[in-house]
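Right, one structure below, let's go through it.
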2 protein chains.
Amino acid sequence: MVERTSHRAAPEHTHPDDVPVQTALAALADPVRITLVRELSGCPAWTRSCGSFDVPVGKAALSHHFTVLRGAGLVEQRDEGPKRVNRLRREEFDARFPGLLALVLRED
Amino acid sequence: MVERTSHRAAPEHTHPDDVPVQTALAALADPVRITLVRELSGCPAWTRSCGSFDVPVGKAALSHHFTVLRGAGLVEQRDEGPKRVNRLRREEFDARFPGLLALVLRED
DNA sequence: GGGAGTGTATGGTTTTCATCGAACACTCTG
DNA sequence: CAGAGTGTTCGATGAAAACCATACACTCCC
């Protein structure tokens, strides 16, 4: 009798400390993912589900982009009921790559 | 009678100020180009010709990589006799994207 | 339990990008 | 001026990545 609220496999996460620079740069060098990160930065943690983002791609592609963002240590995800909610890993990522997130978040 | 030392077309340059973040990130998200930038950062300006870099690609690919770096405002080139010598645009690029170059140049 | 909502996995298509070989252009030197 | 050295351009190839449609898995609510 474990206290589990979900029978789904928890998403695999990579800590920013384990991410090579090149991977971080590649993750952020995509227009859709830049949009995701920017939108995510505008709301409190755990308030945005994956499907709530305004990007011009289908569900499958969107899911793929979140996998990439997780693998780059940029996003943390947690299952909440039927939805998967997100959090931008601001501090951890900034500790590993100081200033990088700021460059992406600022609008030129 | 103009004072010209070269009849070759000067390479097209893009100033960092005119470079979108995404372009800068994409330019740096490549192992060969990271090597070029790192090696270039280790020597004084205008001392390295294109062919003098130790990267595992042919001439054509190398030329392409320098085109990308120029287009991202990372590298400036000048013809010097038969060679084309390079300069890393440290200050200009850092003014436009503070901290980004530092992230790439540090070895983790 | 059925059905709607949400997200992932799979298979296949398209696009993009790095790469190469070969041909060409320019510079210098002998 | 012929030839070596340097770098670019062109066309083609192969690999990687983005994308879609479909099918599947899980959660919640009626």
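Keep in mind the model is a prediction, meaning the values are calculated, not measured. So that the names make sense, note that chain A is the first sequence line, chain B the second, and so on, each numbered from 1.
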Any N/O pairs under 3.5 Å between the protein and nucleotides 1-3 of chain C? List them or say none.
none

Interatomic distance where [atom1] belongs to [X] and [atom2] belongs to [N] [whole Å]:
| X | N | atom1 | atom2 | result |
| --- | --- | --- | --- | --- |
| A:Phe66 | D:dC19 | CZ | C1' | 16 Å |
| B:Arg70 | D:dG7 | CZ | P | 12 Å |
| A:Arg78 | D:dT27 | CZ | P | 16 Å |
| A:Gln77 | C:dT6 | CD | P | 16 Å |
| B:Leu62 | D:dT8 | CG | C1' | 11 Å |
| A:Arg48 | C:dG7 | CZ | C1' | 16 Å |
| B:Arg8 | C:dC26 | CZ | C1' | 5 Å |
| A:Asp79 | C:dT8 | CG | C1' | 11 Å |

- Find which nucleotide of DNA chain C each of A:Pro11 and A:Pro82 is nearest to by heavy atoms, and output the residue with the more 5' nucleotide.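 This one resolves to A:Pro82.
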
Results of side chain to side chain contact (heavy atoms under 4.5 Å, CB included) for [X] - residues two or more places apart only:
| X | value |
| --- | --- |
| A:Ala26 | B:Ala29 |
| B:Glu92 | B:His15, B:Pro16, B:Arg87, B:Arg89 |
| A:Ile34 | A:Arg38, A:Val104, B:Gln22 |
| A:Thr67 | A:Arg70 |

- Message: Taking any heavy-atom pair under 4.0 Å as a contact, classify A:Ser49: base, sugar-phosphate, or nothing.
- Response: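 The answer is sugar-phosphate, as A:Ser49 gets under 4.0 Å only of primed atoms, P, OP1 or OP2.
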
- Item | Test: A:Arg78 and A:Glu80 ion pair at under 4.0 Å |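 Yes, this pair counts.
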
- With sequence neighbours left out, write down each residue that passes salt bridge (charged side-chain N to carboxylate O under 4.0 Å, His left out) with B:Arg96, or none if nothing qualifies.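 Partners of B:Arg96 by the salt bridge (charged side-chain N to carboxylate O under 4.0 Å, His left out) criterion, ordered by chain and then number, come out as A:Asp108.
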
- By salt bridge (charged side-chain N to carboxylate O under 4.0 Å, His left out), which residues pair with A:Arg48, not counting sequence neighbours?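 Expected list: A:Glu39.
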
- Quick one: is D:dT8 close enough that its OP1 or OP2 comes under 4.0 Å of any side-chain N or O from B:Arg84?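 For B:Arg84, the contact criterion (side-chain N or O under 4.0 Å from OP1 or OP2 of D:dT8) is met.
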
- Query: For B:Trp46, which fellow cluster members are found when Ile, Leu, Val, Met, Phe, Trp and Tyr are connected by side-chain heavy-atom distances below 4.5 angstrom, either directly or through intermediates?
  - Reply: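 B:Val85, which link up through side-chain heavy atoms under 4.5 Å apart, make up the rest of the cluster.
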
- Base-contact (B) and sugar-phosphate-only (S) positions in nucleotides 15-23 of chain C, heavy-atom cut-off under 4.0 Å, - elsewhere: ---SBBB--

- Any side-chain heavy-atom pair of B:Leu28 and B:Leu74 under 4.5 Å: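 A side-chain contact under 4.5 Å exists here.
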
